[in-house]
Amino acid sequence: VRMVPVEITEAISPLVIWRKEFRADSGGCGEFRGGLGQVMEIGSQEDAPFAIFATFDRTEYPARGREMGNEGALGSVSLRSGTRMRSKGRQSIPEGEVLVLNMPGGGGYGNPFQRDPQSVLHDVRAGFVSIESAREKYGVVVTQDFAIEVDQTAKLRSAQI
């Protein structure tokens, strides 16, 4: 077996990936939550513009949920300054700017109010789902110290199912 070295972007170009992390609340709500999108921030180490050839999908039409699951979050391409970029084609990133890629989330499957409350709590603790979304989208009341408020959760869920 021949081993081929993996090249790191920063080692072969002046680009730097400043941030890469999951996007909270980007996966469509469902009994089975959709996969999370990511956010990436990319800049240059040089005092010069850089170019990209964008080929991003799901920036206009989100991934649909199924069987009562919610759609995933839309993706977007922008600059840190707030300027929106096109999702397709060659574009130049101005000197000193940072490219921000919000990758889309997947659609959820099944009724979100059927998701196991402990799974919702796990998602909140991991930063995948916000406390607000846990309540509004899943009917699970999570306290500020990351515990489930059982009585309020039962009340919310009985009103939705």
Side-chain angles (χ1 to χ4, degrees), residues 1 3-11 15-43 52 54-88 97-161:
V1 175
M3 299 296 289
V4 178
V6 176
E7 295 187 20
I8 300 172
T9 301
E10 293 91 334
L15 294 182
V16 176
I17 298 173
W18 292 110
R19 177 179 171 207
K20 184 177 181 182
E21 60 189 39
F22 288 123
R23 289 178 61 199
D25 295 329
S26 61
C29 299
E31 182 176 359
F32 302 96
R33 177 183 42 74
L36 297 175
Q38 297 179 45
V39 61
M40 285 182 70
E41 294 185 358
I42 303 166
I52 63 166
T55 58
F56 301 105
D57 289 322
R58 298 278 178 219
T59 60
E60 294 182 40
Y61 303 102
R64 293 181 297 196
R66 304 232 0 193
E67 304 294 326
M68 297 181 67
N70 298 137
E71 57 192 31
L74 280 174
S76 66
V77 183
S78 64
L79 301 178
R80 190 181 278 164
S81 64
T83 302
R84 287 201 50 100
M85 306 290 286
R86 296 184 320 273
S87 62
K88 304 285 186 197
E97 265 290 5
V98 173
L99 176 66
V100 179
L101 304 174
N102 284 305
M103 295 173 212
Y109 182 85
N111 184 342
F113 281 71
Q114 294 293 324
R115 185 163 175 83
D116 175 43
Q118 289 299 319
S119 294
V120 175
L121 179 62
H122 174 270
D123 286 349
V124 170
R125 286 179 174 164
F128 300 159
V129 172
S130 66
I131 288 177
E132 296 77 24
S133 286
R135 175 190 286 268
E136 294 168 17
K137 306 279 183 157
Y138 291 99
V140 176
V141 180
V142 178
T143 65
Q144 292 299 318
D145 60 345
F146 300 108
I148 294 175
E149 177 52 61
V150 177
D151 293 338
Q152 289 182 18
T153 294
K155 186 176 179 181
L156 268 179
R157 286 185 153 209
S158 67
Q160 293 295 320
I161 297 177

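Judged by distance alone, the side chain of T153 and the main-chain N or O of E149 form a donor-acceptor pair under 3.5 Å. Although no hydrogens or angles enter the test, the distance criterion places a donor-acceptor pair under 3.5 Å between the side chain of D25 and the main chain of S130. Here the side chain of R125 pairs a donor or acceptor atom with the backbone of F146 at under 3.5 angstrom. A distance-only check finds a donor-acceptor pair linking the side chain of R157 to the backbone of F113 [under 3.5 Å]. Checking side-chain atoms of R135 against main-chain N and O of Y138 turns up no donor-acceptor pair under 3.5 Å. Side-chain atoms of S133 do not come within 3.5 Å of backbone N or O of V129 as any donor-acceptor pair. With R33 contributing its side chain and G28 its backbone, the two residues share no donor-acceptor pair below 3.5 Å. With K20 contributing its side chain and V39 its backbone, the two residues share no donor-acceptor pair below 3.5 Å. Proximity of a side-chain donor or acceptor of S78 to a complementary backbone N or O of R84 within less than 3.5 Å is not detected.
Taking the side chain as every heavy atom from C-beta outward, I52 and L99 approach each other to under 4.5 Å. Two residues are said to be in side-chain contact when any heavy atoms from C-beta on lie closer than 4.5 Å; P104 and L74 fail this criterion. When side chains are defined from C-beta on, L121 counts as touching V142, because their heavy atoms get closer than 4.5 Å. Side chains of L79 and M85 form a contact here, defined as non-hydrogen atoms less than 4.5 Å apart. Proximity of N102 to V100: side-chain heavy atoms (C-beta onward) are separated by under 4.5 Å at one or more points. With contacts defined as side-chain heavy-atom distances shorter than 4.5 Å, the pair E21/Q38 does not qualify. Looking at L101 and I42, their side chains come closer than 4.5 Å, going by heavy atoms from C-beta outward.
Rounded to the nearest 0.5 angstrom, K137 NZ and N70 CG are separated by 5.5 Å. In this structure, E67 CD and F32 CZ are separated by 11.5 Å, a value rounded to the nearest 0.5 Å. Between atom CD of residue E31 and atom CD of residue Q114 there is a gap of 6.0 Å, rounded to the nearest 0.5 Å. With values rounded to the nearest 0.5 angstrom, E71 atom CD is found 10.0 Å from R58 atom CZ.
Counting all heavy atoms, side chain and backbone alike, L36 lies closest to R23 at CD2-O, 3.8 Å. Nearest heavy atoms, G105 versus A63: O-CB, 3.7 Å. Residues A134 and V120 share a closest heavy-atom pair of CB-CG1, 3.7 Å. Heavy atoms only, all atoms of each residue included: Q118 and I148 are closest at NE2-CD1, 3.5 Å. Between P62 and G72, the shortest heavy-atom distance links the atoms CB-O, 3.2 Å. Between G127 and A24, the shortest heavy-atom distance links the atoms O-CB, 3.4 Å.
Other residues, nucleotides and ligands place no more than 12 heavy atoms under 6.0 Å from the CZ atom of R64.
A salt bridge is absent between E97 and R80; no separation between the charged side-chain nitrogens and carboxylate oxygens falls under 4.0 Å.
Relative ring orientation between F128 and F22 is described as perpendicular, the plane-to-plane angle rising above 60° on a 0-90° scale split at 30° and 60°.
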Dump the intermediate steps for side chain to side chain contact (heavy atoms under 4.5 Å, CB included) on K88 and D57, then the final yes or no. CA-CA 8 Å; K88 304 285 186 197; D57 289 322; 2.6 Å; yes
